[in-house]
Asker: 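Please read through the structure below; I'll follow up with questions.
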Amino acid sequence: MAAAGGRCVWRVLAPHCRWALAAASARPPQPACCYAAAAKNAKKGSQKAKQEEAKKKKGIIRRPLMSKPVDDVYLTWLYKRPSYNVEEAVGMLKKFQELDFTHPKQYVYINVFLDTVLQKKKKVDPFASTVLLPYRFTDEVNKVLVFTENEQEAEIARENGAAVVGGVELIKWILEDEIQVDSYVAVPAIMPKLIPLRNKLRRKYPSTKRNSLGHDIPKMLQLFREGLEYTVEDERLIKTRIARLDMPTEQIVANLKTILEDICKFKPSSSGPFVRKLVIRSSTSEGLLLDLDGLLPEVEKAEEKEEETVEEDDEEKPVQESVST
């Protein structure tokens, strides 16, 4: 770049730049604490920005204003979600099916919300179980493999519908995925030889806790061939089907109570009520919130009542203290 008179700009500005550079080099060095404070303020600013973004994502929390809607058409967020006893809810699902002209043999599902929080920030480990329902609603039968080296036990297993029966010779085929079944059961005598399969089978590895290890082979086969398997998802939610909508209401209720009893067996003795919320629906309907009274096992209901009385006592204590003062 050239300036007026044919001289370069940098030559014109060079004398002036020298004193500016000298003044900058003569400044005392800034202490490290200033930079640390600036970094700290920047960090706080970023945290506040993140918190504001999180609030925006959460949106507006709307509280229910009224107890029951007056009209058939209403804004759901203005009202508390209604709960129904199980017989009424099943009747509503059947009515929905008739009004919507949907398939009458569709499945009925439940969503069970659990309280898995324990003391000292611990949680109940996610679990899985298989339960034999009093009323079957499907003709599907699971494939079960039986581990035994006793010829009489092997014959009993075949007679009761085992898909595969064998001993140590099956280990290699299972590790190479040559054999694939839904469940594995075993007799105690062969368990020391099945250790190589522990990491492969994981949750399906035979154990007394899952009722897949024992001497009663016919009983184990009936459970795992005809039983309903469910698992805990997201640490606190169980989703499973329980019946068909065309079944009698009594049978649907009986299946539901059987599953709830099995779920409550996994509740630690030190924790409070295990089942917090229960929703029932069909394949094509909305979910209906169920009233838990009369559905949970007696132990679970007794603990709920104890918790309520403790809360009432805690509320009364400050009142009594204020009166005494």
Side-chain angles (χ1 to χ4, degrees), residues 61-64 67-68 76-77 79-93 108-134 203 208-211 227-243 249-282 286-319:
I61 299 175
R62 293 168 172 170
R63 296 181 179 178
S67 58
K68 291 184 179 180
T76 55
W77 57 265
Y79 300 90
K80 183 180 178 182
R81 187 176 183 181
S83 61
Y84 308 92
N85 65 60
V86 63
E87 289 83 4
E88 182 184 4
V90 172
M92 292 174 67
L93 295 180
V108 178
Y109 298 85
I110 57 169
N111 292 354
V112 186
F113 297 84
L114 306 176
D115 183 4
T116 58
V117 179
L118 301 176
Q119 295 178 353
K120 297 181 180 179
K121 297 182 179 180
K122 294 182 179 180
K123 291 185 178 182
V124 179
D125 293 330
F127 56 86
S129 180
T130 302
V131 58
L132 194 63
L133 299 177
R203 185 171 51 83
T208 53
K209 189 175 181 180
R210 295 198 65 235
N211 299 317
L228 174 73
E229 184 179 9
Y230 64 85
T231 58
V232 177
E233 304 174 10
D234 300 328
E235 297 184 347
R236 67 184 192 94
L237 175 62
I238 296 173
K239 295 180 180 180
T240 185
R241 58 184 184 177
I242 62 169
T249 301
E250 315 84 62
Q251 295 183 4
I252 298 175
V253 174
N255 283 357
L256 173 59
K257 289 183 177 181
T258 302
I259 294 173
L260 289 177
E261 286 179 8
D262 192 73
I263 291 172
C264 290
K265 290 177 183 178
F266 293 90
K267 184 187 82 67
S269 56
S270 59
S271 67
F274 200 37
V275 178
R276 284 298 183 186
K277 190 168 72 170
L278 180 59
V279 177
I280 189 170
R281 65 175 180 85
S282 67
E286 61 178 294
L288 300 176
L289 183 65
L290 291 182
D291 188 355
L292 296 178
D293 291 342
L295 285 178
L296 300 179
E298 294 298 326
V299 177
E300 182 83 353
K301 289 190 289 185
E303 289 179 351
E304 279 188 351
K305 289 181 181 178
E306 286 179 5
E307 199 173 76
E308 289 175 1
T309 53
V310 169
E311 288 178 358
E312 290 175 359
D313 293 341
D314 291 340
E315 290 176 357
E316 290 176 0
K317 280 180 182 178
V319 177

Asker: State the CD-CG distance between E261 and L295, to the nearest 0.5 angstrom.
Answerer: 10.5 Å
Asker: Nearest 0.5 Å, please: how far is CG in L133 from CD1 in I252?
Answerer: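 Going from CD1 on I252 over to CG on L133, the span is 12.0 Å.
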Asker: Where is the tightest heavy-atom contact between T116 and E235, given as atom of each residue plus distance?
Answerer: CG2-O, 3.1 Å
Asker: Measuring from atom OH of Y109 to atom OG1 of T240, what distance do you get when rounded to the nearest 0.5 angstrom?
Answerer: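 Here the rounded value is 9.0 Å.
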Asker: For F113, is the NZ or CZ atom of R276 found under 6.0 angstrom from the centre of its six-membered ring and inside 45 degrees of the ring axis?
Answerer: no
Asker: Using a 4.5 Å cut-off on heavy atoms from C-beta on, say whether the side chain of E229 contacts that of R210.
Answerer: yes
Asker: State which residues pass ring pair (Phe, Tyr, Trp, His ring centres under 6.0 Å) with F266; sequence neighbours excluded, sorted by chain then number.
Answerer: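 For F266 the ring pair (Phe, Tyr, Trp, His ring centres under 6.0 Å) partners, ignoring immediate neighbours, are F127.
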Asker: Only one of D115, L290, L289, N111 forms a side chain to side chain contact (heavy atoms under 4.5 Å, CB included) with K277, so which one is it?
Answerer: L289
Asker: Any idea which heavy atoms bring G287 and V279 closest together, and the distance?
Answerer: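 Closest pair (atom of G287, atom of V279, distance): CA-CG1, 3.7 Å.
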Asker: Measuring from atom OG of S129 to atom CG of N211, what distance do you get when rounded to the nearest 0.5 angstrom?
Answerer: 7.0 Å
Asker: How many angstroms lie between CZ in R241 and CG in N255, if you round to the nearest 0.5 Å?
Answerer: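 Answer rounded to 0.5 Å: 12.0 Å.
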Asker: Is the closest side-chain heavy-atom distance between R203 and T231 below 4.5 Å?
Answerer: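 In contact.
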Asker: When you compare the side chain of Y230 with that of V131, does any pair of heavy atoms fall below 4.5 Å?
Answerer: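 Yes, side chains in contact.
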Asker: Heavy atoms only: give me the nearest C264-P297 pair and the separation to one decimal.
Answerer: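 Distance-wise, the nearest heavy atoms are SG-CD, 3.7 Å.
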Asker: If I compare all heavy atoms of I263 with all of F274, which pair ends up nearest, and what's the gap?
Answerer: O-CE2, 3.5 Å
Asker: What heavy-atom pair brings L288 and M92 nearest, and what distance separates the two atoms?
Answerer: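 Between these two residues, the closest heavy atoms are CD1-CB, 3.9 Å.
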Asker: Any side-chain heavy atom of V275 within less than 4.5 Å of one from L114?
Answerer: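 Answer yes - side chains close enough.
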Asker: Is it the case that more than 12 heavy atoms not belonging to R281 sit under 6.0 Å from its CZ atom?
Answerer: yes
Asker: Flag the pair L256 / L278 as yes when at least one side-chain heavy-atom distance between them is below 4.5 Å, and no otherwise.
Answerer: yes
Asker: So, taking the atom named CD1 in I110 and the one named CG in L260, what distance separates them when rounded to the nearest 0.5 Å?
Answerer: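 The CG atom of L260 is 5.5 Å from CD1 of I110, to the nearest 0.5 Å.
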